[in-house]
Structures are given as C-alpha cells and as structure tokens.
J.: 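Questions regarding the structure given below will be posed in turn.
Worth knowing before you read on, the calculation uses all heavy atoms, side chains too, and leaves out hydrogens, waters and symmetry mates. Quick caveat: nothing in here was measured; it's all calculated off a predicted structure. In the text below, chain A, chain B and the rest are named by the order of the sequence lines, each starting its count at 1.
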2 protein chains.
Amino acid sequence: MRVQSSCYCTNLRRAAGTLTDRYDEALRPAGLRAAQYSLLAQLSRLGSANITHWARYAGLDRSTMVRNIRLLRDRGLVEPDVGSGKTFRLSPEGQAAVERAAPLWAKAQEELRAWLGQADADALIRISRRLQTLDTPEEGGGGHAL
Amino acid sequence: MRVQSSCYCTNLRRAAGTLTDRYDEALRPAGLRAAQYSLLAQLSRLGSANITHWARYAGLDRSTMVRNIRLLRDRGLVEPDVGSGKTFRLSPEGQAAVERAAPLWAKAQEELRAWLGQADADALIRISRRLQTLDTPEEGGGGHAL
DNA sequence: AGTTACACAGTGTATATACACTATACCACG
DNA sequence: CGTGGTATAGTGTATATACACTGTGTAACT
C-alpha cells in the first residue's frame with residue numbers, strides 16, 4: 001500500500017513519474033518516449049537550434065541536452081544543419097515521428113483533461129508553470145523567489 | 001527563453017525537476033538528496049521492510065529500489081536486519097541523517113507553501129495525489145482510470 | 001602577435017528511474 | 001520425492017537528469 005506523503009516534492013515527483021509512464025505508453029506506437037516527443041516538438045517549433053538555446057528552451061541542463069541529442073541523432077531523428085555544424089534540425093524521419101506522435105499526444109492530453117476535470121487540469125498547468133519559475137528568478141517569477 | 005508548453009506531462013516533469021533541485025539544495029547540509037530523504041523517512045515510519053514492500057510504499061519499481069538501497073547501504077544509512085537478511089532498517093547513521101534533515105525539510109515545505117500560497121499548495125498535493133492513482137486503478141482511483 | 005574573455009561543445013561521474021529477464025527459495029500437492 | 005507455482009531478490013540494459021570540469025574557437029584589446 002502506497003503511503004500518502006505530505007511532502008510537496010515527493011508527491012510531485014511521483015505524479016510526474018506516473019504521468020510520464022502514461023504518456024510514454026500513449027506515444028509507444030510512434031516509437032517515442034514522452035521526453036523525446038517533447039524535445040522533438042520543441043525543435044519543430046524552433047526550426048533549428050544549437051544545444052545551448054535548445055536546452056534553455058527546454059529548461060534542461062546543457063549536458064543533459066548533449067546526451068539527449070546524441071540519442072536522437074543515433075536514431076536519425078535529428079541532424080546537424082548543413083551550413084553550421086553546431087545547429088540541429090529535425091530529419092525527415094524526425095518530422096515523420098513527430099507527425100505520427102502528435103495525434104497520440106493530443107489524445108492523451110484530452111483523456112487526461114477529461115479524467116482530471118477542466119478545473120484541476122487548468123490548475124495543474126498553472127501551478128506547474130509557477131513552480132518552473134522557482135529556479136529562474138529573472139524570468140517571471142517575481143525576482144526574489146522564496 | 002523557456003517555452004510555455006501546453007503539455008500536462010512536460011509541465012509536470014519540469015516542475016518536478018525544479019522542485020527536486022530546490023529540495024536537494026535545502027537538504028544538502030544534511031548530506032541527503034530529496035529522493036533519499038523521502039526513502040529514509042519512509043523506512044523510519046515502516047521501522048523495517050523488505051524491498052518489495054518498501055518499493056510499493058514508495059510507489060517505485062522494485063528494481064529501482066534495489067539500486068536505491070544499494071546506495072543507501074554503501075553510505076551506511078540503512079542496514080539489513082539481523083534476524084532476517086531480507087529486511088532493512090535505518091542504521092544509527094541513517095537515523096541521525098533523518099534527524100538532521102527533518103528540520104531542513106520542514107523549512108523547505110513552509111517556504112514553498114508561503115511562496116505558492118495555501119490554496120495552490122493544497123491544490124498541488126490534491127492533484128498530485130490524484131495523478132498518482134492513474135497507474136494503480138485498484139487503490140482509490142475509481143477502477144477504470146481513463 | 002599575445003593574451004584575455006566569452007560562448008559554446010563535450011566528458012566524467014553520479015543519481016534516479018523503469019522494463020525485461022534471471023535466480024533462488026520455499027511450499028504445497030500428487 | 002519431484003515438480004510446479006508463488007514470492008522475493010537481483011542483474012542487464014536503457015533513458016533522463018544534473019554538477020563540475022575540460023576543450024575549442026573567436027573576437028577584442030593592448
């Protein structure tokens with residue numbers, strides 16, 4: 001029997017793990033994990049980006065992004081831009097994977113919204129976004145954080 | 001500039017990462033990460049537990065728990081029970097670490113509650129707990145999940 | 001030309017996590 | 001006694017994440 005923790009951090013970590021598993025499962029037919037789809041969708045929006053910018057965009061450490069990109073490159077989903085060896089874009093395969101995954105993602109989103117209810121779904125987004133500003137006091141968090 | 005994702009999963013994952021970093025920092029003087037403190041506090045409540053029960057209690061995969069326990073054992077924070085080689089308990093060092101960490105954790109909790117406000121803090125716990133039931137339809141989630 | 005500063009890429013090492021699989025051990029039933 | 005089933009522990013392999021550090025290249029200033 002799972003314990004009911006009163007810790008904000010533990011509860012959020014567990015919830016994130018559970019939701020990640022759910023999205024991983026939803027995206028499995030497209031051959032992508034939730035984190036990978038998120039990265040590819042970001043690159044699709046960016047068009048092309050170097051590691052530093054992409055990492056900032058994703059809210060990840062640069063070293064994490066280096067390794068994430070390596071996996072995506074090894075699978076042929078992203079490729080270096082021809083002109084600059086330092087920026088990346090979606091490969092045709094990556095583009096195809098994003099297109100396969102997009103409706104699966106949308107379905108997972110809708111099912112989760114239905115399960116949570118609109119109010120909790122909205123609160124989830126709102127509070128998650130607030131929490132993301134905890135470590136970036138300069139952008140939108142109000143400066144002094146705690 | 002960090003993008004504003006509309007994905008429930010991505011937002012929750014980022015929020016969990018940010019909050020984990022915050023708690024890791026708060027607990028650093030005690031020499032524990034957030035995940036480790038969570039596990040030790042659980043074991044403290046359980047008194048003694050085998051891997052399977054502890055993993056269920058923590059909402060983690062058993063294999064994850066095997067590796068988490070190895071780290072805690074290597075640091076001398078938990079030890080096998082004398083009678084049964086299969087159950088673990090806090091070592092005196094583990095007990096001391098939990099006692100060092102507890103007030104740091106409480107301070108982080110209070111600071112976060114103050115920063116979020118009581119309403120959002122309550123919503124965070126409530127919604128996180130609901131989400132944790134997504135993958136365990138038999139306990140409290142309502143059976144059919146989505 | 002030299003050096004200093006900065007931006008960017010990359011590596012070493014560690015933690016945290018899961019799925020698929022293997023190993024062990026005990027127990028019950030024929 | 002053997003065999004098969006359940007419970008438990010553990011390993012192999014992979015992903016995702018961060019911090020601390022190293023490498024590289026360019027531009028700017030003296």
J.: Give the first and the last nucleotide of DNA chain C, reading 5' to 3', that has any atom under 4.0 Å from a heavy atom of chain A.
T.: C:dC8 to C:dT17
J.: Under the side chain to side chain contact (heavy atoms under 4.5 Å, CB included) test, which residues partner A:T10, sequence neighbours left out?
T.: A:S5, A:C7, A:R14, B:S38
J.: Using the closest heavy atom to pick a nucleotide of DNA chain D for each, name whichever of A:D61 or B:D61 lands nearer the 5' end.
T.: B:D61
J.: By side chain to side chain donor-acceptor pair (under 3.5 Å), which residues pair with A:D21, not counting sequence neighbours?
T.: none
J.: Enumerate the residue pairs fulfilling side chain to side chain donor-acceptor pair (under 3.5 Å) with a member in residues 61-73 of chain B, sequence neighbours excluded, ordered by first and then second residue.
T.: B:D61-B:S63
J.: Does A:D120 have any side chain to side chain contact (heavy atoms under 4.5 Å, CB included) partners at least two apart in sequence or in another chain, and if so, which?
T.: A:L116, B:R126, B:I127, B:R130
J.: Please list, in numerical order, the residues of residues 63-75 of chain B that have a heavy atom closer than 4.0 Å to any atom of DNA chain C.
T.: B:S63, B:T64, B:R67, B:N68, B:L71
J.: Return the set of residues passing side chain to side chain donor-acceptor pair (under 3.5 Å) with A:E79 (not counting sequence neighbours), or none when no residue passes.
T.: none
J.: Taking side chain to side chain donor-acceptor pair (under 3.5 Å) as the test, write out the residues that go with B:Y23, two or more places apart.
T.: B:Q109
J.: For DNA chain D, determine which residues of residues 39-51 of chain B have any heavy atom closer than 4.0 angstrom to one of its atoms, and list them numerically.
T.: B:N50, B:I51
J.: Under the side chain to side chain donor-acceptor pair (under 3.5 Å) test, which residues partner A:R113, sequence neighbours left out?
T.: B:Y8
J.: Output all residues satisfying side chain to side chain contact (heavy atoms under 4.5 Å, CB included) with B:R100, sequence neighbours left out; order by chain, then residue number.
T.: B:A30, B:A96, B:A97
J.: Using whole Å, what does the distance between atom C1' of nucleotide D:dA9 and atom CG of B:L60 come to?
T.: 16 Å
J.: Salt bridge (Lys or Arg N to Asp or Glu O under 4.0 Å): which pairs involve residues 88-97 of chain A, sequence neighbours left out?
T.: A:D81-A:R89
J.: Need one value for B:R13: base, sugar-phosphate or nothing, where a base atom within 4.0 Å counts as base even if backbone is also close, heavy atoms only.
T.: sugar-phosphate
